[in-house]
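Following: one structure in C-alpha cells, then a few remarks.
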Amino acid sequence: MELKNLHGRKARMLLVYPDYTDRDCARKTSGGNYSEGLASISAVLKQGGHHVELLHLLNLHTEEDFKQRLRDKGEFDIIGFSIRTTAFPDCQKYIKWTKEVCPDVFVICGSYHCTLVPDEVLAVDGVDCVCVGDGEYPELELCDKMSAGEDYTNVQSLYFKMDDGSFKHNPIAPLFADLDRIPIPDFDLFDYDNLESSKVNTAIVVVSRGCFYNCTYCGNGNFRKVYPNKKIYARFRSPENAILYLKTLLAKHPYIKFINFRDAIFNMFPDWFDKFIDMYTKEIGLPCTGNIRFDILTEETVKKMKAAGFYTIDMGLESGDQEMRFKYLRRYQTDEMIIRCSNWFHKYGISQLTYNIIGLPFEDIHRALKTIKLNARIKSDRTIPNIFYPYEGTPLYEISKEAGFIPEGDFTQRRVPLVQPQFPEEQVLFIEAYFMHFVRRYKWAYAMPKAIGGVYEKWLDHRVTGKHVPYKQLVWLHDRYANARNHLKDFLVNNMPKLYVKLRMIKHHKRAQKNA
Ligand code: B12
Ligand code: SF4
C-alpha cells in the first residue's frame, strides 16, 4: 500500500454515517440520529487541528445520489465509514462508489461490525484500513502520522490492507479507565437542531462506554473481548464531567427540554448513579429517561430518580419466560424481582417502557405469550417488541446456528431471521404486531375480580394460541395500520414538531397521574 503523505498539512476527514434502518430507509429525508461515537472522534481530531465533516445518510442512496453528495462535500484525504452490522451490505456499495469518485482517498471503517469481524470488512474492495474498538485516538494518530509523512501502518487498533493483499493486524490499544480524558463531543458535527430528537426538544446523551453483563444476544461480550484489559470495558465519565457535558450541550441548544440517556445500562454502577442523580437534581433537573437494570436497584434510588426528573424509564424485559431468560439469555432476573421493582416505579409515578424479544431460538407462541403476560402483570406503559436478530459472533447466534434455525443464504433481509418449526414466521409477526394490544387486554384481566378475570384470561389465551387464529391475515391488516401510523408520526415530527411535543407531554402527564 502506498503511504499517504500530507507533507505537514492537517488531514481532511469525512465521516460517513449510514443512519437508517429497514423501517425508514426509503422515507426519511430529514432528521436522523445523533452518534456519540462520531461526535467524539470529531472532537478529538479537531482538538488535534484536523478538519472533520459528516456525510449523514438518512436513507438508502442510489449510486447517482451518493456520488453527487460526495462530490458536493468537496475534497478529503480520509473517508471513514461507521458500520453497524445491518448497514454493512449498503456500505460495501458506498465504498465502491467512493473509490470511483475519489480513487486516491484513504478509506477507513470503524464501529461495531468492524470490531466483530474486522477481516470481513477489510476484505471489501476499496477498504484500506479497519479500526477495531474505540476509534478516537487511533484515528488521531493516523491523521497525525499522515500529516507528518510518517509510517502509520503500525498504529495500534488499526488493521491495514497491504500491497500484496495481506492484512496487517496491529495489537489493540489498551482501554483507558478515565473517560474524562475524552473531550466533550463535537455536537456541531451534526445538523444538531434538525436531528429527530432535537425536533422534539430532546437530547440523546451517552456518558459511558460498554457494559459488563453477558446477555447472549448482545454484541457486548464480543466487543470487549478485543481489548487486552477488557475488565475495564464498562466505564462512565465522572458525575462532574457528565454534568459538564450536559451543561455544554444545553448552553449550545437551550431549547432542549428532555434528556434521553442512551447508555447501555444507566445504573450499571449504583454508587456512580446515586451520585450522578443527586448532582443532576441540583444542576440540571430536566425531565429525563434512561435504560435501567432492575436487579441492582433499590427503592431509595427509585425515589431519588423521581426527584431528579425521571418521568419514564426503559428496561430490557426481553422474555417473560424465566427459563428462557436464565438458560438462553443469561439474564438472571426472576419474575418476582421484576414485579417488585416495577411496583416501585408505579409507587413513585415513573412510567415504564419495556424492550422485548420475540422469535428467540427454542421459543414458541406459548412462551412468547408469557412475555405479553409479564408485561401486563407489571403494567408496562409502553412495550417495544423486537424480532430476534442473530448477530454473528454472539452466543445466541451460535446456539441458533447449531440448532439449524439460521437458513442458508442471506437472512439479513428476512423479517423473521430464524426459521423454527415450533414458531412459524406468521406467529412471530403476529405476536410482534399485536403485542401491546394483548398486554392491555391481559392488564384488564388481572385488574378484574379473580373469577371473572380468570375466565377472560383463558379466552384471551385462546385468541393468541388457538388453532384457528388467522395469523397471516391479521399480520397483513396490522402492516397497513402501522404504515399509516408511522407516516402520521413522521409528518407531525417533521411539520408540526410543537404539536407533537405537546401531545407527548399530555400523554406523559396522563400516565404519571395514572401511575401516581
Ligand atoms: C446509543 C445507542 C444507540 C443510539 C445512537 C446510535 C448511534 N449510531 O450511535 C440510537 C438510540 C439512535 C440507536 C439506534 C440503533 N441501534 Co444502537 N446502540 C446504542 C448503544 C447503547 C451505545 C452506542 C454508543 O453511543 N456508544 C458509545 C460511543 C462513543 O461508541 P461507538 O458508537 O461504539 O463509537 C466508537 C467506535 O465504535 C468507533 N467508531 C464508530 N464509528 C466509527 C467510524 C470510523 C471511521 C472509525 C475509525 C471508528 C468508529 O469509534 C467510536 C469512538 O470510540 C449500543 C450498545 C452498546 N452498549 O454499545 C447500541 C448498538 C450500537 N445499537 C445497535 C443497533 C442494532 C441499533 C439499531 C439498528 C436498532 C434498531 N433496530 O433500530 C439502531 C440503528 C440506528 C443508527 N442509525 O445507528 C447495536 C449494533 C449491533 C451491531 N453489530 O452493529 C448495538 C451495539 C446494541 C446491540 N444490539 O448489541 N442506538
Ligand atoms: S445488559 Fe444490555 S448492553 Fe449489557 S450485555 Fe445485556 S443487552 Fe447488552
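All ligand and atom numbering here is 1-based and tracks the order in the structure. Just so we're clear, the structure is a prediction, and the values are computed from it rather than from any experiment. All values below were derived from every heavy atom in this structure, side-chain atoms included, with hydrogens, water molecules and symmetry-related copies excluded.
Ligand 2 places these atoms under 4.0 Å from at least one heavy atom of Arg293: 1 (S). Of all atoms in ligand 2, listed by their number and element, those nearer than 4.0 Å to a heavy atom of Tyr217 are 7 (S). Proximity to Glu136 (heavy-atom distance under 4.0 Å) selects the following atoms of ligand 1: 52 (C), 53 (O).
Within the protein, the number of N, O or S atoms lying under 2.8 Å from atom 6 (Fe) of ligand 2 is 1.
With Tyr245 as the partner, the ring-ring contact (aromatic ring centres under 6.0 Å, His included) test is satisfied by one option alone out of Phe261, Tyr280, Phe187: Phe187.
Polar contact with ligand 1: absent for Ser208 (N/O pair, distance under 3.5 Å). At least one N/O-N/O distance between Thr85 and ligand 1 falls below 3.5 Å.
Within the 4.0 Å heavy-atom shell around ligand 1 one finds Gly133. Tyr217 does not count as a contact of ligand 1, since none of its heavy atoms falls under 4.0 Å from the ligand.
Of all protein heavy atoms, the one closest to atom 6 (C) of ligand 1 is Tyr34 O, 4.0 Å. Considering only non-hydrogen protein atoms, atom 34 (O) of ligand 1 sits nearest to Gly37 CA, 3.3 Å.
With Tyr213 as the aromatic partner, Arg293 meets the cation-pi criteria of under 6.0 angstrom to the ring centre and within 45 degrees of the ring axis. Both the sub-6.0 Å distance and the 45° axial angle are not jointly satisfied by Arg209 relative to the ring of Tyr233.
Of the listed options Cys109, Gly219, Pro18, Gly219 places a heavy atom closest to atom 90 (O) of ligand 1.
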